[in-house]
Amino acid sequence: MSDFQRTVHEITACVNSRAPLIVVMTDERDRAESALKVVSANTKIPIEYDTALSGFKRIGSNDEGKKVDDPFLYVSEEIVKRSGAVYAFGDIRGLETDNELVEKAIGVVRLAADCGATLILVTNETIYEGLARLAIFVKLSLPSKKEREGMIRDFIADNQIKTLPPEKVSQAAVVLGGYTALQLKTVMNYALNTGDGFTYENLCVVAMRKDMIFGKNPAVKHIHVRDVHVAGMEGVKEWLLKKQKIFFSPDEELSAKYITPPRGALMVGVPGCGKSLTARLISCEWHLPLYRFDIGAVFSESVGASEANLRRALDYIGSVSPCIVWIDEIEKELAVGRDNEAAQRILGAFLFWLQENADRVFLLATANDLTKLPPELFRKGRFDEVFFVDLPSQYERRCAINMFAKLSLTVHLTDEEIDALAKISEGFSYADIEWAIKTVAEEEFTLGMCGSYTRLDSVFQRTVGILSRNREYIETLRKWGKESAASASGRK
């Protein structure tokens with residue numbers, strides 16, 4: 001049974017049981033209308049449906065609607081005339097707080113209970129507690145993966161598309177998750193008429209720009225990802241390859257094995273060694289949009305505003321899923337030292353989301369100072385893995401030097417020269433190596449000088465690596481990493 005069919009079944013049961021108030025929670029008014037048409041046909045009960053544009057009319061009919069000044073007053077007058085009447089509102093707003101509109105709604109619901117009638121509210125807003133206590137809530141979710149696959153196949157057939165092979169439809173359905181049915185049609189049409197057309201690669205490119213449709217949230221910033229080059233990190237790369245297959249697998253296949261999609265990873269370690277760059281790598285390899293989540297931006301001095309801001313940010317992340325979410329230096333956002341109540345509630349709400357979130361969101365969090373991390377963060381189930389990111393080994397430094405030299409320099413280094421630079425750079429981070437090579441590259445660019453091994457050797461010799469600058473701090477990190485985390489490089 002699809003989510004749509006389940007919703008129809010639940011609404012039908014509520015109508016048949018004469019529930020006085022049904023609240024259909026959804027962002028898709030059009031799909032809700034389709035569901036109500038099926039409910040009306042199943043129950044043989046006409047449903048009078050009101051929208052701001054058309055007014056009241058029998059759902060499914062082409063009759064001209066009846067516009068009224070006060071919909072609740074109109075319904076209260078009508079339901080006493082016939083038993084079992086059903087009235088639905090598609091554009092109702094302003095029921096979040098205790099106000100005159102809510103009082104009217106409560107009055108109509110109580111009257112409906114006396115007359116055996118039913119009131120249906122279609123909304124995506126919070127309902128005031130006094131009214132919510134009288135309701136049965138039914139959630140109409142966004143199109144499921146199976147429904148999205150059907151929509152993609154229908155779109156392919158309608159447009160006679162031959163650029164998306166059948167075996168890619170399932171993957172495309174995952175990438176295009178998070179859209180309403182109407183948005184999905186818009187996105188597919190947009191992909192068809194831009195770039196390389198309706199190909200899997202172009203659908204991935206379009207999906208990367210979900211902020212075009214979903215707008216923006218001040219705490220969640222979309223990061224544009226270009227080509228990403230990451231040296232080392234072989235342990236993380238191998239782990240991600242396995243998790244990628246699970247992340248894109250259908251829900252029913254995972255449920256059959258009692259497996260849940262991966263939630264993400266926490267990367268703790270030496271600054272400048274590729275922790276943050278890994279988020280960009282995942283986005284690039286998985287063809288998913290990358291968002292940077294700034295938890296600090298949700299805090300507000302107004303009472304209750306911080307929690308509301310966090311809720312909106314997490315809801316936004318859910319709406320743009322599947323996606324990669326990156327939290328940089330998470331210890332600064334969730335520091336143990338925070339002692340105000342709002343910060344503790346934010347921490348609790350965030351940890352609960354980490355544990356229970358069901359959206360296809362892969363979270364990559366980075367940290368430099370593990371002493372400031374709340375211990376609750378390390379509880380199993382919140383992150384799939386905790387990685388320790390150490391300074392690169394001599395082999396990894398060699399790979400990094402070779403990679404950055406090819407990207408930035410015109411000079412061709414011999415194996416012996418690369419080996420020599422790798423030895424000189426012991427105690428360097430990847431950022432130190434990149435800085436040294438780009439220093440020579442800038443001289444090539446601005447002065448017209450040809451970069452050479454001699455010039456590289458000179459810059460490397462005078463560069464003070466991070467180990468020399470922070471030996472005690474790094475040794476403390478290494479001790480913790482050896483005992484408490486997996487190696488990001490794959491070294492034992």
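None of these values were measured; they are calculated from a predicted model. Both backbone and side-chain heavy atoms feed into the values below; hydrogens, waters and symmetry mates do not.
- Legend: side chain to side chain donor-acceptor pair (under 3.5 Å) pairs involving residues 246-266, not counting sequence neighbours, sorted by first then second residue: Asp251-Arg360.
- No side-chain heavy atom of Ile324 sits less than 4.5 Å from a side-chain heavy atom of Pro289.
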Would you give me the side-chain donor-acceptor pairs under 3.5 Å for residues 120-129, sequence neighbours excluded?
residue	atom	partner	partner atom	Å
Thr123	OG1	Glu125	N	3.0
Asn124	ND2	Asp27	OD1	3.0
Glu129	OE2	Arg133	NH1	3.2

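- Residues Glu434 and Met403 fail the side-chain proximity criterion, which asks for heavy atoms closer than 4.5 Å.
- Annotation: side chain of Tyr190 is not in contact with side chain of Asn193 (no heavy-atom distance under 4.5 Å).
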Could you walk me through whether Arg292 and Val325 satisfy the side-chain contact (heavy atoms from CB on, under 4.5 Å) test, starting with their C-alpha distance in whole Å, then the side-chain angles of each, then the deciding distance to 0.1 Å, before giving a yes or no?
CA-CA 6 Å; Arg292 184 177 183 271; Val325 173; over 6 Å; no
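- The neighbour count for Phe352 CZ, taken as heavy atoms of other residues, nucleotides or ligands under 6.0 Å away, does not exceed 12.
- Judged purely by distance below 3.5 Å, without hydrogens or angles, the side chains of Ser170 and Lys145 pair a donor atom with an acceptor atom.
- Distance check: Glu28 CD to Thr180 OG1 gives 4.5 Å after rounding to the nearest 0.5 Å.
- Of all the heavy atoms in Gly197 and Asn202, the pair that sits closest is O-ND2, 2.9 Å.
- The heavy-atom pair separating Tyr179 from Val206 by the smallest distance is OH-O, 4.3 Å.
- Heavy-atom minimum distance, Val102 versus Asn99: N-OD1, 2.8 Å.
- With values rounded to the nearest 0.5 angstrom, Phe383 atom CZ is found 9.0 Å from Phe378 atom CZ.
- Distance alone, capped at 3.5 Å, is enough to place a donor-acceptor pair between the Ser425 side chain and the Ala422 backbone.
- Looking only at side-chain heavy atoms (C-beta outward), Arg29 and Thr51 come within less than 4.5 Å of each other.
- The closest side-chain donor-acceptor pair between Thr199 and Asp196, if any, does not fall under 3.5 angstrom.
- For Phe362, the ring-ring contact (aromatic ring centres under 6.0 Å, His included) partners at least two apart in sequence or on another chain are Trp286.
- In this structure, Thr163 contributes its side chain and Phe198 its backbone to a donor-acceptor pair below 3.5 Å.
- A salt bridge links Glu147 to Arg31: one of the charged nitrogens lies within less than 4.0 Å of a carboxylate oxygen.
- The neighbour count for Lys438 NZ, taken as heavy atoms of other residues, nucleotides or ligands under 6.0 Å away, does not exceed 12.
- Panel note: side chain Thr278, backbone Gly274; a donor-acceptor pair is recorded below 3.5 Å.
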Working note: Arg280 + Leu290, criterion side-chain contact (heavy atoms from CB on, under 4.5 Å); need CA distance, chi angles, decisive distance, verdict.
CA-CA 7 Å; Arg280 296 176 182 270; Leu290 172 64; 3.9 Å; yes
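- Proximity of Leu281 to Lys237: side-chain heavy atoms (C-beta onward) are separated by under 4.5 Å at one or more points.
- Within a 6.0 Å sphere centred on CD of Glu238, other residues, nucleotides and ligands contribute 12 heavy atoms or fewer.
- Nearest heavy-atom pair across Cys323 and Phe247 is O-CZ, 4.5 Å.
- Contact record, Leu363 with Phe350: CD2-CZ, 4.2 Å, taken as the closest heavy-atom pair.
- Shown here are the side chain to side chain contact (heavy atoms under 4.5 Å, CB included) partners of Ser141, two or more places apart in sequence or in another chain: Asp3, Lys139.
- Considering Ile327, Leu266, Leu240, Ile282 as possible partners of Leu364, the one that fulfils the side-chain contact (heavy atoms from CB on, under 4.5 Å) test is Ile282.
- Glu10 and Arg6 are not joined by a salt bridge, as no carboxylate oxygen comes within less than 4.0 angstrom of a charged side-chain nitrogen.
- Note that CE of Met233 is 13.5 Å distant from SG of Cys399, once rounded to the nearest 0.5 Å.
- Listed for the Asp294 side chain is a donor-acceptor partner under 3.5 Å among the backbone atoms of Gly296.
- Taking the six-membered ring wherever Trp is involved, the centroid distance between the rings of Tyr430 and Phe404 does not fall below 6.0 Å.
- Ring geometry for His222 versus Tyr291: interplanar angle of 30 to 60°, hence tilted.
- In this structure, the side chains of Ile401 and Phe460 come closer than 4.5 Å at one or more pairs of heavy atoms.
- With hydrogens and angles left out, the side-chain atoms of Glu444 and Thr410 include a donor and acceptor closer than 3.5 Å.
- No donor-acceptor distance shorter than 3.5 angstrom exists from the side chain of Ser283 to the backbone of Ala279, with no hydrogens or angles considered.
- Side-chain contact of Asp432 with Thr463: a donor-acceptor pair under 3.5 Å is absent, judged by distance alone.
- Checked by atom type and distance alone, the side chain of Ser429 never pairs as donor or acceptor with a backbone atom of Cys273 at under 3.5 Å.
- Here the side chains of Glu33 and Tyr49 are in contact, with some heavy-atom distance below 4.5 Å.
- Rounded to the nearest 0.5 angstrom, Leu477 CG and Lys482 NZ are separated by 15.0 Å.
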Report the C-alpha separation of Leu413 and Asn402 in whole Å, then their side-chain angles, then the decisive distance to 0.1 Å, and conclude whether the side-chain contact (heavy atoms from CB on, under 4.5 Å) test is met.
CA-CA 8 Å; Leu413 298 175; Asn402 188 42; 6.0 Å; no
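- A search for ring-ring contact (aromatic ring centres under 6.0 Å, His included) contacts involving Phe293 returns nothing, not counting sequence neighbours.
- In this structure, CG in Leu241 is found 6.0 Å from CD in Gln244, a value given to the nearest 0.5 Å.
- Rounded to the nearest 0.5 angstrom, Leu142 CG and Ser321 OG are separated by 8.0 Å.
- Contact record, Ala367 with Ile330: CB-CG2, 4.2 Å, taken as the closest heavy-atom pair.
- Contacts classified as salt bridge (charged side-chain N to carboxylate O under 4.0 Å, His left out) and involving residues 384-394 (residues at least two apart or in different chains) are given here: Asp390-Arg478, Asp390-Arg491.
- Using a 4.5 Å cut-off on side-chain heavy atoms (C-beta onward), Glu234 and Ser489 make no contact.
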For Leu456 and Leu409: C-alpha separation, side-chain torsions, deciding distance, then whether side-chain contact (heavy atoms from CB on, under 4.5 Å) applies.
CA-CA 10 Å; Leu456 284 167; Leu409 300 174; 3.9 Å; yes
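- Applying the side chain to side chain donor-acceptor pair (under 3.5 Å) test between Asn368 and each of Glu331, Lys332, Lys275 identifies Lys275 as the sole match.
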